[in-house]
Amino acid sequence: NISYSGVVLDEESKQKLLSLEIPEGWEPVAHHMTITMGPLTHKKGKHDFSKAYPVGSEVELTGLAIGRDERAMAVQVQAPAEISNSFPHITVAVNRAGGGKPAHSKEIPQENFEPLSGITLRGTVEEVPQ
């Protein structure tokens, strides 16, 4: 069973994100941008991201903004094609002690984001098993 499909960052891109100012005691994540939950192609035909994001293909993402609240920190990215989430992002870190989970990244208020320039991230499209 596929948990999610996403662009899994290469080591260099992961290190770029982990070099950002992460609050003390937070758990680093910086792993992937989710394309969709489950496989790229929905079994009932609701979506098919496999043409825009073939498994194994290299994808370049541009970092647009960085933001955080009390639970999570994320970088908003420019995805090369549509994804299921209206807010393409990569979770950078979470505040587990404060109840933070990676899913909280998409709840960070838009006004908490500041422009980020010059960050290019690379990764590979994967269907990640549960």
Cluster question for you: counting only ILVMFWY and a side-chain heavy-atom cut-off of under 4.5 Å, with indirect links fine, are [X] and [Y] together?
X   : Y    : answer
V55 : V59  : yes
I90 : V7   : yes
V77 : I83  : yes
M33 : V125 : yes

Can you sort out the partners of S50 under side-chain contact (heavy atoms from CB on, under 4.5 Å), two or more places apart, ordered by chain and number?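 L40, T41, D48.
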
Please list, chain by chain and in numerical order, all residues satisfying salt bridge (Lys or Arg N to Asp or Glu O under 4.0 Å) with [X], sequence neighbours excluded.
X   : answer
D10 : none
E27 : R96
K46 : none

Please report, to 0.1 Å, the donor-acceptor pairs under 3.5 Å made by any side chain of residues 107-118, with sequence neighbours excluded.
unit_1, atom_1, unit_2, atom_2, d
E107, OE1, R71, NH2, 2.6
N112, ND2, R68, O, 2.9

Under the salt bridge (Lys or Arg N to Asp or Glu O under 4.0 Å) rule, what pairs show up with a residue in [range], not counting sequence neighbours?
range            : value
residues 78-88   : none
residues 116-130 : E60-R122
residues 29-42   : none

Just how far is it from atom CG of L17 to atom CG of L121, taken to the nearest 0.5 Å?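 One gets 5.0 Å once the value is rounded to the nearest 0.5 Å.
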
Could you give the distance from OG1 (T91) to NZ (K101), rounded to the nearest 0.5 Å?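 Reported value, rounded in 0.5 Å steps: 13.0 Å.
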
Exercise: identify the closest heavy-atom pair between [X] and [Y]:
X   : Y   : answer
I22 : A93 : CG2-CB, 3.6 Å
H89 : A74 : CD2-CB, 4.3 Å
P28 : L18 : CB-CD2, 3.4 Å
L9  : A30 : CD1-O, 3.7 Å

Measure the shortest side-chain to side-chain distance between [X] and [Y] over non-hydrogen atoms and say whether it is less than 4.5 angstrom.
X    : Y    : value
T120 : S13  : no
L61  : V75  : no
I66  : I119 : no

Pairs flagged by side chain to side chain donor-acceptor pair (under 3.5 Å) wherever residues 14-25 is involved - sequence neighbours left out: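 Found E11-Q15.
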
According to the ring-ring contact (aromatic ring centres under 6.0 Å, His included) rule, which pairs have a member within residues 16-39, sequence neighbours left out?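 Matches after skipping sequence neighbours: Y4-H32.
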
Qualifying ring-ring contact (aromatic ring centres under 6.0 Å, His included) pairs, either residue in residues 39-86, two or more places apart: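 Listed once each, the pairs are H42-H47, H47-F49.
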
For S5, which residues count as a side chain to side chain donor-acceptor pair (under 3.5 Å) partner, sequence neighbours excluded?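 Residues passing side chain to side chain donor-acceptor pair (under 3.5 Å) with S5: none at all.
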
Can a donor-acceptor pair be found, under 3.5 Å and without considering hydrogens, that links the side chain of S84 to the backbone of I35?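 Yes: the side chain of S84 pairs with the backbone of I35.
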
